[in-house]
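What follows is a set of notes on a single structure, which appears directly below.
Each ligand, and each atom within it, is numbered from 1 in the order the structure gives. As the structure is a computational prediction, the values presented were derived from the model and not from experiment.
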Amino acid sequence: MFQKILLFTIAALAAVRAAPASRSDSAITDADILQYALTLEHLENAFYAEALAKFDQGAFAGAGYSSDVRQRFVEIGEHEATHVKFLSDALGSDATKACNYSFPIPDPRSFASVAATLESVGVSAYAGAAHYIDNSDYLTAAATILSVEARHASWVNANANSSDPFPAPFDTPLSPSEVLKLAAPFIVECPSSNPKLPFDT
Ligand SMILES: *[C@@H]1O[C@H](CO)[C@@H](O)[C@H](O)[C@H]1NC(C)=O
Ligand SMILES: *[C@@H]1O[C@H](CO)[C@@H](O)[C@H](O)[C@H]1NC(C)=O
């Protein structure tokens, strides 16, 4: 149910994404975009850490998954942790910190379904933020993360969620405001010291 609402919301937001941004692009710095990316990577990292702590190999087997599925999720979780470290290192002491989250994952199947949604939103987030990035090294780094998130999305869809690994010829770019609105239901509370992102939420 939740995923249906989320996917519907993605479709609805994509339809209105021509709406003007809250600030002109030029007022948004590369550091803002790195903080934004880190905000999302923290969420994904916490999501996999929580799920993998909660569901062991037996839980995945009990949900009907073959023995390799949990290990793939472990790999995905390691990638997200590495993205968090990479972005945190780039931002230094100003790096935004992890929040407290709440994920609707009572069992491995619902976890996989939320994973499919989060990975697909991740792809849309990187695609929709690329045009803000001025520094070409950051742009290349973002491209290399985007393609890995897309592989995650494909694998999760095909092997854990019985859905199409590449559902469309184009992915849907979403603006930071749109993505942060989608992420908001998962976020309980963030450290008050976290920098404020320059996007309407
Ligand atoms: C995951 O599977 C559910 C149930 O089949 C489906 O409704 C949902 O759209 C799938 N998620 C993604 C991101 O494809
Ligand atoms: C997160 O939750 C823990 C305990 O559940 C609490 O100690 C901590 O202050 C919370 N942190 C934030 C940023 O809300």
- Task: Cation-pi check, R109 to F60: give yes when NZ or CZ is under 6.0 Å from the six-membered ring centre and within 45° of the ring axis, no otherwise.
- Result: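 Judged by the rule, R109 and F60 form no cation-pi pair.
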- Are the side chain of D200 and the backbone of S177 linked by a donor-acceptor contact shorter than 3.5 Å?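 Here the side-chain-to-backbone pair does not exist.
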- Should N161 be counted as touching ligand 1, given the test is an N or O pair under 3.5 Å?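 N/O-N/O distance below 3.5 Å exists for this pair.
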- Can you list the residues that meet the ring pair (Phe, Tyr, Trp, His ring centres under 6.0 Å) rule with Y36, with sequence neighbours excluded?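 Testing Y36 for ring pair (Phe, Tyr, Trp, His ring centres under 6.0 Å), a comparison that skips the adjacent residues, returns F199.
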- Message: Suppose we screen for ring pair (Phe, Tyr, Trp, His ring centres under 6.0 Å). Which residues come up paired with H83, at least two apart in sequence or across chains?
- Response: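 H83 satisfies ring pair (Phe, Tyr, Trp, His ring centres under 6.0 Å) with no other residue.
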- Of the backbone atoms (N, CA, C, O) and the side-chain heavy atoms from C-beta on, which set of N157 has a member under 4.0 Å from an atom of ligand 1: side chain, backbone, both, or neither?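 N157 to ligand 1: side-chain contact only, backbone stays beyond 4.0 Å.
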- Heavy atom under 4.0 Å from ligand 1: found in S163's side chain, backbone, both, or neither?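 For S163, the contact with ligand 1 is made by the side chain alone.
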